Structure formats: C-alpha cells, structure tokens
Protein chains: 2
Amino acid sequence: MPTDETPVRRRRGPSMADVARLAGVSGQTVSRVANERHNVDAATRDRVLAAMREVGYRPNSAARALRNGQFRSIGVIVFELSSFGTTRTLDAVAAAATVSGYAINLLPVLDVNQRAVTNAFSRLGEQAVDGVIILIEAHTLDEAGVQLPEGLPVVVVDSSAHYDYPIVDSNQAQGARLATEHLLDLGHETVWHVSGPPTSFAADRRRRSWELTLTQRGCEVPPVLNGDWTASSGYEAGRMLAANPDVTAVFAANDQMALGVLRALHERGRVVPDDVSVVGFDDMEESAHFWPPLTTILQNFVDVGRLSVDALIHEIQAGEHHHDPVAVPTKLVVRSSTAPPRRP
Amino acid sequence: MPTDETPVRRRRGPSMADVARLAGVSGQTVSRVANERHNVDAATRDRVLAAMREVGYRPNSAARALRNGQFRSIGVIVFELSSFGTTRTLDAVAAAATVSGYAINLLPVLDVNQRAVTNAFSRLGEQAVDGVIILIEAHTLDEAGVQLPEGLPVVVVDSSAHYDYPIVDSNQAQGARLATEHLLDLGHETVWHVSGPPTSFAADRRRRSWELTLTQRGCEVPPVLNGDWTASSGYEAGRMLAANPDVTAVFAANDQMALGVLRALHERGRVVPDDVSVVGFDDMEESAHFWPPLTTILQNFVDVGRLSVDALIHEIQAGEHHHDPVAVPTKLVVRSSTAPPRRP
DNA sequence: TGCATCGATGTTTACGTCAACATCGACCGC
DNA sequence: GCGGTCGATGTTGACGTAAACATCGATGCA
C-alpha cells in the first residue's frame, strides 16, 4: 500500500477535560466517576454524570490502553468462515470473550499466498491485542507467511501436539471411534471412510482413529477416500462408493461430505440406510433434516470456544500456560441414516 | 462487573525510545522509519531497522490511535453466526476491511434480553472503532437495548428503509420475483411460500414480492407459512404442505427451510420435483447436494460485504453518507428440484 | 564568496487517561 | 482545643507516537 495521503480530519470527541470543565471539577474526578470508584461524593458524581451526558462523553479506549498497557482485546485468526466448525467455534469464542470483558479482533488470512505482500496482518505486527486464538490449521498459517510475535500469548484450536502453544479441541479420536463402532455394532463387516484433506490434523486424527478401531476389531481396512471438507468432494467420493456393491457402511469426516455421499447414493439408487449406512461428523443444524436424517458425531463447539478463551486469558493475566491439551468430548447422535446391513 | 482487582502486571514491549537509543538516533527518526517516510538516509534506516529487529520492536497501536485520533478499526455487530447469510457477509466484510487496512472488531449481541445488564457492548460505549456495520436486523438491536453513539458512522446491512443510516443489501424483492416467476413459468398454477420470521425485514420483502408477483400474474395467493429461517421450521411447514395435494410448487425464503420442506415431502412420499417443485434462497454450498439438488436464488454476499465496507469507510473519511440504498442483484440457479407440474 | 535551498535529523509538545502523591476540611477522641 | 484520621478532591507526570518546528551541513548558482 502506498503512503496514504488522505488527511482524515477527524473531529475528536469530547474528553475528560471537557466534562471536567463543565462540571467544575478536575479531570481526575471525572476519571473516578467513569471508573465507578466509590470515593466520590454523590452530588459530585451526579454533576459529572450530567456533564458527561450533556457533552456526549465516551472514554477513549486508545488512551486507556496506552495508559494501562493492555488492550482488553484478543485476536482470532481465521482462514475462511465458510467452514461450519470454524464459524461455530468463532461464535462461541466471541461470546466467551465478551462475557470476560474482552473484545474480539478478527484477523482473516485472506490468501494462503499473501506472504509479506499484503501486510493486512499488520494487527499482529503491532501491539493491538493481548493474545491470539488460532482457528485455522497451522500449516495454512505457515504458508501464508504469518509469523507470531514472540511473547504474545497464543492458544491453538487444532489437534496436533506439534505446537508450543496450549491446545484446545474436540476429541477427534474419540468421536471417530464412536462413529466407527456404531456402524460395526450394527453388524457391518467393515466401514469405509471419506476423509478430510491430508493437510488437516483434525482429519488425520479422525482417519487414524477410524483405522485403529477397525484393526482392533479385526476388520479389513478399506482404502481411504480423500475429500476436502466440502459437500462436492463428498459427492465425488460418494460416486466411487455407490458404484461398489461391497460398501454397506460409510463414515464421512464431516456432515457436509456426508451430504455429498448421500446424494451420490441416491443418484445411484442405493437406499440409505437399507443398502448403505452413513455417519457424519459435526452435527450441524441441517443434518437432522438431510434425507434421511443423518446419524453423526456432535461436537461441543461452545465448550471448545469457552475453554480456549479461558486458557488464553489465564495466559495473558498469569503469564503462564498449562501445556496439557484440552480434549472436549463428543457424542454420538443416532438418526435414520444408519441401520443393520441387509441380510442377503 | 465489579471492580476488577486483578493487577495485570504487563511487561511492556520495547518502544521507539529503546530503538532510538540503540540505533543512536532520535525517536522521531525511528518514527519516520516505522512509517516508511522516504526522507531518511539509507544507512540510517538500515541501522534503525536492525535495532528494531534486535529489540523486537512493534509499534504500539494504542499510542498511534491516540495520536492520530482514529483507530483504523470497524465494529461489526452480529447476533449469532449460525445464520448462513450473516456468516458469509461477515466473511466478505472482514476481507474487504482488511484489504482497506481496517481491523475488524466483532461485537456479538449475546442475548436479546441483555439490556443494560451485561454491558458487554462497552466497545461502542467508548471510542474504539471508527465506524460500525450492523449485520443483524435492527429490531433485534433495539430489543437488546443497544444504543449507538451519536456521530458514529454506521452502515446497515438489511432491507428496511426505516433507518437513518446507509443501507446495503441483496435485492430481496428481485430475488423473490425470480423464484416465483420461475415456478409460474414452468406452468404451476400458483406458488406456496414458507416465509422467514415476521420480525425480519428481509423476510418481509421476499414475502411481499412473492405476493405481488402472484397477483400481477393473476394467480391465487395461498396462505403464508411462517418459519424462522431454521431447517426445523421449514420441516414443520413442509408437513402442512405435504399433506395438501393441491400444492405443486413451494418457494422457501431460504435454503435451510427448503431443506426441511424437502424432508417433509420425502417422508410423505411426495416426489420432488415430479409431485412438488421447491425453490430456496441463498445458494449455500450444500444446496447443490441436497436431494434433489436445490433450485435457488444466489446472493452475492461478497459484493454486499465489500460495498458495505466501502460505504462505511467513505463515511468515516469524508464525513458524509449517500442515502440511496444499495441493492445487490441476485441470480436464479436452476437445479433439479423444480420441473413443470405433472399433467393430470 | 555569499546566500538561498534542501535534505537529514533533532527537539518539543499534545493526544486522553489514570496512578501516585498532595492538599484540605471535617470529624474524632481525649 | 489539639493532634490524628479519613474522605473528597486537585496536581503532576508518564504511557508511545508523530506533527510541527528547529537546526545544521551540504549543495547550487550568481
């Protein structure tokens, strides 16, 4: 960006001094009223309050941040909000942060190739947030050339232990085991898997857990079909599966891909769940209304968000972090897309 | 919130003075280097840059904001991110703002009943953003008791002309007309409508446009079924519709409700599109993979987001706003959920 | 040579807030 | 009545930055 020559002439709002003058007190007394200190005479307080209202005083948070050395704001790094899980987590994070009195600074990584070119990421290159929650897979961050300032408190919402930062996430392995065992318990000989992208740690966790569950049960492990979380990729994978009469049970790594699988099966005339059972992962609101309603793994995004914020604020205020990853348990939600295999 | 007694002892980062001392120059020269002014000797600049790196200098945005009287940050008021449209718009807004060098402050309205109780909304009660984009229906804002500070630039993304603020939104009326006419053109005698909640202006616009289109074509206007944007509410409405053999064409005010309608029709054994045609609104990524793939109205959220940001920044920098509402056109996307009515 | 010009750099100051310290009057107990 | 205490309020200074102004040496031109 070239030097910004627009001289933004900004009429500054009224400051404490203005209020003080009008109320006939010192600025410090205004400060005390603004911060609800109790050592101010009731009459004085009323006068100050009235003066504030009259001039439309609003405290200047920049001055406050400068004075106090903290911003009461946390940055949240996201890639795209299109992903269901990210959105839900962000929602929960925002709610939790707000309750704790922290503002949310949204830091979108626009493009994996942005590198240093667009330094849209300047918010991190300068002091503006007290800490950061990373809601994208770390390799994306690396590829975007984003580097986190040293000493900045960070919490990662992801499923790799490769980070030096505290981690909070759903218990991916437990969820995938739940899904796979549900299908095996119904009597299916084995379970096929439509996986998330290989670059995703969460996808990797789910895939490995599915595989482990199968081998522990002595089941054959079919080849993995790789998707990229989108319904389209699920549809592509589903077309393969639908063409294979051996397939009776599918575990898709998220609900969107499961939706694509369902469509492919319908197109091929394979009935769900009579011919093929399907399980998803996430439990989006819509999943209950897929056709047929989808059996899936419920993630507790609210807990993930809240725990992330709590961990970050603790890190900010205490300066220390607990390094044990937090794994939020998931739950199996059984609907109509799963049934015992049809007996030949 | 009671007086926060936690004395957050925060080690402040290095400032310009530290860099200046190390580089053997004045603070002002450091400032010039930090702001990429060209009137600094190359050798000096290198020395300063090196010093910055050595001490790990990061400009303090609070001090900057205080000095410059602006924050380069815009607030975005959202209710919940669960809604598909809000999320997509937020995504676009964040991208556009970032490109323009503005940060995003997410301001979640946690509860319609929060009133003054939780003043989690403090970010607006103080100077911390240069302007605000409202992504929720205004009545929700009113009910939450949120009052916008006077003089703060605001842009509303909604479809009512009742505001004093600039408005950007998809052209709801045009989209609803597109949907309704598509069904009529296929030969259906009339079109039933599953509406969004009565409190939503966007829902109102779509409903009225649907009605107008029908009357203009001389078609009977069936009673409206009210939903609340969720797939569940669409399902409830769909059960009514499925039970009525006269129904051959349905326009749902969003894709999620359309999904619920599809489910209800399937459950009742009514075939889509042979027995009943269904059109949605939004064009979520998933809609192409519903069963059958959903004919719907595509909203250009990217444009909505970008135009909102542009309008707001213009308002911030020029201090004036154009009051003509911006209506972003929508497009009909035809898939397999619509067909001519079955001839008796 | 002398003076104007210009570019590089330094000095001062104000932005708004709030902790720390200072002041001042009222009230208390003896 | 007097030292002491306490509560209400005022004064000072510092947080980090950058505009405005000041300084100083080099260069250009008559």
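Please read these numbers as outputs of a predicted model, since none were measured by experiment. Computed from heavy atoms alone, side chains included, the values below leave out hydrogens, waters and symmetry copies. Lettering of chains follows the sequences in order, A, B, ..., and the numbering in each one begins at 1.
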**Q.** Length of the line joining L66(B):CG and dC18(C):C1', which is rounded to integer Å
**A.** 13 Å
Q) Taking OP1 and OP2 of dA8(C), is either one under 4.0 Å from a side-chain nitrogen or oxygen of R45(B)? A) no
Q: Take the C1' atoms of the five end pairs on each side of the helix from dT1(C)-dA30(D) to dC30(C)-dG1(D), get both axes, and report the angle to 10 degrees.
A: 40°
Q. Closest approach of A202(A) and D158(A), non-hydrogen atoms and distance?
A. N-OD1, 4.1 Å
Q: Assess whether one donor atom and one acceptor atom, taken from the side chain of R67(A) and the base of dC15(D), lie less than 3.5 Å apart.
A: no
Q | Carboxylate-amine/guanidinium contact D91(A) R88(A), below 4.0 Å | A | no
Q: Send over the distance from Q28(B) CD to dT17(D) P, rounded to a whole Å.
A: 11 Å
(Q) In whole Å, I'd like the distance from the CZ atom of R64(B) to the P atom of dA19(D). (A) 10 Å
**Q.** Under 3.5 Å donor-acceptor, R72(B) side chain and G101(B) backbone
**A.** yes
Q) To the nearest 0.5 Å, what is the distance between CG (L148(B)) and CD1 (I134(B))? A) 5.0 Å
Q) At under 4.0 Å, does any side-chain N or O of N35(A) touch on OP1 or OP2 of dC18(C)? A) yes
**Q.** Residue met sooner reading DNA chain C from 5', once R47(B) and A63(A) are mapped to nucleotides
**A.** R47(B)
Q) Closest nucleotide of DNA chain C for S26(B) versus for N60(A): which of these residues is on the 5' side? A) S26(B)
Q. Any donor-acceptor pair under 3.5 Å between the side chain of R32(B) and the base of dG10(C)?
A. yes
**Q.** Test item: D130(A) side-chain N/O and F71(A) main-chain N/O as donor-acceptor pair under 3.5 Å
**A.** yes
Q. For N68(A) and dG13(D), what is the distance between atoms CG and P respectively, to the nearest whole Å?
A. 20 Å
(Q) Strictly below 4.0 Å: does R37(B) bring a side-chain N or O up to OP1 or OP2 of dA19(D)? (A) yes
Q. Base, sugar-phosphate, or nothing: which does D41(B) touch, judged by heavy atoms less than 4.0 Å apart?
A. sugar-phosphate
Q.
Going by side chain to side chain contact (heavy atoms under 4.5 Å, CB included), V30(A) matches just one of D18(A), L49(A), N35(A), V48(A). Which one?
A. V48(A)
Q. Do any N or O atoms from the side chain of S100(B) and from the backbone of Y102(B) form a donor-acceptor pair under 3.5 angstrom?
A. no
Q) Does a side-chain N or O from T29(B) land closer than 4.0 Å to OP1 or OP2 of dG10(C), or not? A) yes
Q: Quick one: label S31(B) by what it contacts on the DNA or RNA (base, sugar-phosphate, nothing), any heavy atom closer than 4.0 Å.
A: base
Q) In whole Å, what is the span from the CG atom of N39(B) to the P atom of dA18(D)? A) 14 Å
(Q) Would you say T44(B) places a side-chain N or O within less than 4.0 Å of OP1 or OP2 belonging to dT9(C)? (A) yes
Q. For V30(A), which contact category applies under a 4.0 Å heavy-atom criterion: base, sugar-phosphate, or nothing?
A. nothing
Q) In whole angstroms, how far is the C1' atom of dT9(D) from the NE2 atom of H38(A)? A) 15 Å
Q) Which heavy atom of L152(B) sits nearest a heavy atom of V129(B), and at what distance? A) CD1-O, 3.8 Å
Q) Could you state the CZ-P distance from F71(A) to dC15(D), rounded to the nearest angstrom? A) 15 Å
